[in-house]
Amino acid sequence: MNLIELQQTLRERVRAAAADKFGVELEQVPAEVPPRTELGDLAFPVAFELAKRIKQSTGEKRNPRAIAEELRRELESTEEVARVEVAGAGYLNLFFDRARMLSRLAESPAVEVGVAEESAADERPKRMVEHTSVNPNKAAHIGHLRNSVIGDTFVRILRAAGELTEVHNYIDNTGVQVADVVVGFVHLERMTLEDVRALDASLKEDYPFDYYCWDLYARVGLFYRGGDPDSKEDPERLKLRVETLHALEEGDNPTAALADYVATRIVNCHLDTMSRLGIKYDLLPRESEVLHFLWSHAFERMKASGAIRFEAEGRNKGCWVMPMETHESSDEHEADKVIVRSNGTVTYTGKDIAYQLWKLGQVELDFYFKPFRTDSEAHTVWMTTSNAGEASPSAPHFGDGATVYNVIDSRQSYPQEVVKRGVAAVAPQVGEGASVHLSYEMVALSPAAAEELGLELSTDERSRTFVEMSGRRGLGVKADDLIDRLEENEYREVEERHPSLSEERKREVAHTLAVSALRYFLLKWTRNSVIVFDFKEAQTTTGESGPYCLYAAVRANSIFRKLQTGELEGARRLVSSADTDTSARITQVFEGELGGELWALTTLAGRLAEVLAQAASAAEPSHLARYALSLAQSFNTVYNRRENRVLEEKDAVRRAVLISVFDYVRKQLTSALDTLGIEVPERM
RNA sequence: GCACCCGUAGCUCAGUUGGAUAGAGCGUCUGACUACGAAUCAGAAGGUCGCAAGUUCGAGUCUUGCCGGGUGCACCA
């Protein structure tokens with residue numbers, strides 16, 4: 001039995017007792033963790049609610065404390081509960097049987113991360129998570145990292161909470177951004193597909209293809225503005241973009257072939273970048289297939305359901321639009337959203353509705369799938385394809401999700417709202433609840449970080465609290481540069497502390513620490529908070545950081561390396577023995593200030609499953625990040641006390657309790673960190 | 001103008017479906033190592049939770065109004 005199950009049992013008891021003794025049917029029984037351990041392990045503030053309900057139904061005024069007293073006896077008969085106190089105005093405070101709980105917790109299996117792989121017989125509703133979705137025309141930047149890390153961590157949380165997931169990284173391979181880079185290659189550099197291939201092959205490791213495109217894209221932007229970054233775009237030059245875009249949508253021509261080469265190459269670069277952070281995908285759905293396979297079918301459904309209408313006159317004459325009544329229109333802004341332009345092309349929002357309908361199993365047509373690439377751990381990521389000849393018969397069953405989570409920055413909340421409404425209008429049976437916009441705020445840089453990455457700042461910018469990224473000003477940080485920098489910083493620390501490690505090991509540890517610093521930094525804030533990246537803050541070991549959490553786990557592990565063989569098993573046997581004398585002595589270990597602190601650590605470690613469930617339902621990875629930190633903090637506090645030194649402990653029972661608690665804590669902490677995508681190294 | 005998000009300690013932020021004395025980190029000050037790993041820990045100082053009403057046994061949390069900040073409102077994505 002874990003804490004969640006016990007809580008559930010106790011809730012049921014309270015509910016039954018309320019019905020039995022007071023004739024009140026409670027829909028839910030809120031439970032909470034008391035503010036201090038002295039007040040117990042679990043509290044039910046249920047007597048207040050009952051007093052109110054009794055008064056409502058019978059008019060009789062009952063004192064909450066008296067009600068709590070009556071419920072007390074009911075709860076005390078539970079095996080795991082040592083005693084119950086009525087406190088304050090009527091709180092029911094429960095104290096667990098510490099010896100019994102320790103043996104239960106010590107036996108419980110660790111939360112398993114990522115093992116809940118799908119199988120053909122899996123009946124669980126599928127949670128679709130789309131994240132990353134970076135335009136495949138240049139290197140990924142720091143803002144994309146927040147998207148990917150939030151998305152990937154959310155996937156890990158869902159899996160750890162027992163859910164079935166499918167991870168998508170949408171590839172907009174026929175959009176404006178790809179077209180612009182193609183304009184650069186074709187019109188600025190006068191290159192053919194063969195030239196681009198040759199160029200790609202000639203590029204060195206420190207300036208790869210995605211970096212090249214990053215610069216080329218900036219040059220194209222400048223070209224559209226006639227060479228002046230502050231002037232307007234020249235309509236004549238923009239015609240090249242439109243021509244290119246048309247060629248991409250038509251397909252089967254040299255321009256489209258070049259675009260396909262660029263997009264596919266950049267997708268590979270993005271996958272490489274994300275893979276450095278342990279991020280993987282199941283499927284790469286491409287816009288080209290959404291257009292070819294889904295659009296016409298989805299369009300018919302949208303028309304048939306009345307979700308969209310044709311405008312015969314007015315501002316949107318000739319367009320198919322989705323009416324948005326709740327948004328007031330004004331002279332300047334039309335509230336209705338255009339889905340199909342008057343020239344017959346589809347807007348991004350239109351394609352997104354079609355794609356979302358497919359993800360939810362509401363469009364019957366299907367794509368072809370081909371394996372795109374397989375990583376070192378034999379995980380294959382698939383890609384959609386229009387070419388039936390490439391279709392793999394062994395492709396997994398994609399789509400047919402029950403819920404869709406789209407990790408997209410908060411600036412796109414309006415179009416996401418349109419998509420949600422559109423889907424619900426076409427498929428009322430899935431409704432709006434099936435579409436979740438997992439929005440997050442932007443990432444800026446601290447002035448110190450910007451300068452560390454080689455950006456030139458004005459004196460004004462240097463004095464501000466953060467520097468905003470700006471593509472136009474060239475103020476941008478490539479994800480790989482950022483990760484490189486983090487790894488270099490950590491490498492210096494590792495070299496100083498463990499000069500005897502092999503070069504390879506040092507690099508490995510530095511990499512692990514860098515990933516922990518970056519992922520933790522991106523995850524510790526709630527999603528709707530703007531974050532300011534700073535190397536010092538991310539890589540500190542004394543504050544709220546990944547390395548701090550790792551240090552606690554590494555220290556815990558080092559104890560177990562020094563224990564005698566079999567001692568851990570012996571300790572487990574001792575704490576799980578039913579012997580009343582032993583359990584009395586175990587209970588004693590948890591008494592007093594020192595024991596209370598140890599007990600608080602134990603119950604905190606026991607809350608992982610509960611935290612995972614909350615993080616999953618709130619779609620908020622920062623809950624888990626905060627939990628990991630507090631567990632690491634509590635462990636460090638307990639660990640630091642001289643009285644708690646395991647290896648010096650002479651009393652056999654106390655030693656066994658310390659071993660069991662620390663073993664449980666390190667397991668829970670490791671699971672929590674694993675779920676955050678942070679791996680615990682042997683040394684650091 | 002309309003919609004969404006945010007105002008909590010000097011700074012940056014947490015705060016579960018409304019619950020007990022509002023918490024962290026940084027910064028400041030004072031302490032603890034020939035170490036089960038000090039990349040750590042302990043202690044101190046620091047708050048009219050933007051303002052004002054309302055609902056409630058109970059409000060940082062819910063409602064309304066105001067003040068202040070951010071974002072979005074294309075036949076771009």
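Below, read A as the first sequence line, B as the second, and so on, with proteins coming before strands; counting in each chain starts at 1. The basis for the numbers below is simple: all heavy atoms, side chains too, and nothing from hydrogens, waters or symmetry mates.
Atom CZ of R645(A) is surrounded by more than 12 heavy atoms from other residues, nucleotides or ligands within 6.0 Å. Residue E32(A) qualifies as enclosed at atom CD: its count of foreign heavy atoms under 6.0 Å is above 12.
Within 4.0 Å (heavy atoms only), P64(A) reaches no atom of the nucleic acid at all. In this structure, A632(A) reaches neither bases nor backbone, as no heavy-atom distance under 4.0 Å exists between it and the strands shown. Using a 4.0 Å heavy-atom cutoff across all strands shown, Q177(A) reaches no nucleic acid atom at all. Note on K61(A): nothing from the nucleic acid sits closer than 4.0 angstrom, heavy atoms only. If you check every strand for non-hydrogen atoms under 4.0 Å, N93(A) touches a base. G543(A) comes within contact range of the sugar-phosphate backbone alone, with a heavy-atom separation under 4.0 Å but no base atom that close. A43(A) comes within contact range of at least one nucleobase, with a heavy-atom separation under 4.0 Å.
A side-chain N or O of E441(A) and one of S410(A) form a donor-acceptor pair less than 3.5 Å apart. Residues S435(A) and Q356(A) have side chains that bring a donor and an acceptor to within less than 3.5 angstrom of each other. One side chain, T542(A) or T540(A), offers a donor N or O that lies under 3.5 Å from an acceptor on the other. Judged by distance alone, the side chains of N644(A) and R654(A) do bring a donor and an acceptor atom under 3.5 Å apart. Using a 3.5 Å distance cut-off with no hydrogens or angles, the side chains of D180(A) and Y224(A) do pair a donor with an acceptor.
In this structure, M322(A) places its CE atom 14 Å from P of C75(B), rounding to the nearest Å. When rounded to the nearest whole Å, the span between CZ of R65(A) and P of A20(B) equals 16 Å. Residue L594(A) contributes atom CG, which lies 13 Å from atom P of A42(B) at whole-angstrom precision. Distance, H144(A) NE2 to A77(B) P: 16 Å, rounded to whole Å. Nucleotide C2(B) holds its P atom 21 Å from the NZ atom of K337(A), rounded to whole Å. Going from atom OH of Y91(A) over to atom C1' of U21(B) covers 12 Å, rounded to whole Å. Rounded to a whole Å, the CD atom of E417(A) is 21 Å from the P atom of U71(B). Computed from coordinates, the E27(A) CD to G18(B) C1' distance equals 16 Å when rounded to whole Å.
In this structure, the side chains of E49(A) and K52(A) come closer than 4.5 Å at one or more pairs of heavy atoms. Two residues are said to be in side-chain contact when any heavy atoms from C-beta on lie closer than 4.5 Å; L438(A) and R527(A) meet this criterion.
The separation of A77(B) from U16(B), taken at their C1' atoms, amounts to 36 Å, rounded to a whole angstrom. Atom C1' of C13(B) sits at a distance of 14 Å from the matching atom of A22(B), rounded to the whole Å. Separation of the P atoms belonging to C36(B) and C41(B) is 15 Å when rounded to the nearest angstrom. Here, A59(B) and C49(B) have their P atoms 12 Å apart, quoted to the whole Å. The gap from the C1' atom of C51(B) to that of G7(B) amounts to 11 Å, rounded to the nearest Å. To the nearest whole angstrom, the two C1' atoms, one in G50(B) and one in C5(B), are 16 Å apart. To the nearest whole angstrom, the two C1' atoms, one in G37(B) and one in A20(B), are 39 Å apart. Comparing G60(B) with G68(B), their P atoms are spaced 25 Å from each other, to the whole Å.
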Between N or O atoms, less than 3.5 Å apart, protein on one side and nucleotides 55-60 of chain B on the other: list the pairs.
none

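Remark: RNA chain B takes part in the stems B:1-7 with B:67-73, B:10-13 with B:23-26, B:28-32 with B:40-44, B:50-54 with B:62-66, each of 3 or more antiparallel Watson-Crick or G-U pairs, criterion distances under 3.5 Å.
Exactly one residue among E682(A), R683(A), R666(A) makes a side chain to side chain donor-acceptor pair (under 3.5 Å) with N557(A). That residue is R666(A).
Using a cut-off of 4.0 Å between Lys/Arg side-chain N and Asp/Glu carboxylate O, E311(A) and K317(A) are scored as not salt-bridged. Using a cutoff of 4.0 Å between basic side-chain nitrogens and carboxylate oxygens, E495(A) and R492(A) are not scored as salt-bridged. Between K536(A) and D534(A) there is no salt bridge, since no side-chain nitrogen of the basic residue lies less than 4.0 Å from a carboxylate oxygen of the acidic one. Contact check on R237(A) versus E233(A) returns no salt bridge, with no Lys/Arg side-chain nitrogen under 4.0 Å from an Asp/Glu carboxylate oxygen.
Between Q412(A) and C73(B) there is no side-chain polar atom (N or O) within less than 4.0 angstrom of OP1 or OP2. Distances shorter than 4.0 Å separate some side-chain N or O of N316(A) from OP1 or OP2 on C75(B).
Along RNA chain B, the nucleotide nearest to C319(A) and the one nearest to Q614(A) differ in position, and the one closer to the 5' end is contacted by Q614(A). Mapping R11(A) and P34(A) onto RNA chain B by nearest heavy atom places R11(A) closer to the 5' end of the strand.
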Quiz prompt | Protein-to-nucleotide contact annotation, 5' to 3' order, nucleotides 27-39 of chain B [B base; S sugar-phosphate only; - none; under 4.0 Å, heavy atom] | solution = ---------BBSB
Quiz prompt | Per-nucleotide protein contact string for nucleotides 4-15 of chain B (B base, S sugar-phosphate only, - none; heavy atom under 4.0 Å) | solution = -SS-----SSSS
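Sorted by first and then second residue, the ring-ring contact (aromatic ring centres under 6.0 Å, His included) pairs involving residues 529-564 of chain A (not counting sequence neighbours) are F521(A)-F533(A), F533(A)-F535(A). Residue pairs meeting the salt bridge (charged side-chain N to carboxylate O under 4.0 Å, His left out) criterion with at least one partner in residues 342-353 of chain A, sequence neighbours excluded, are E287(A)-K351(A).
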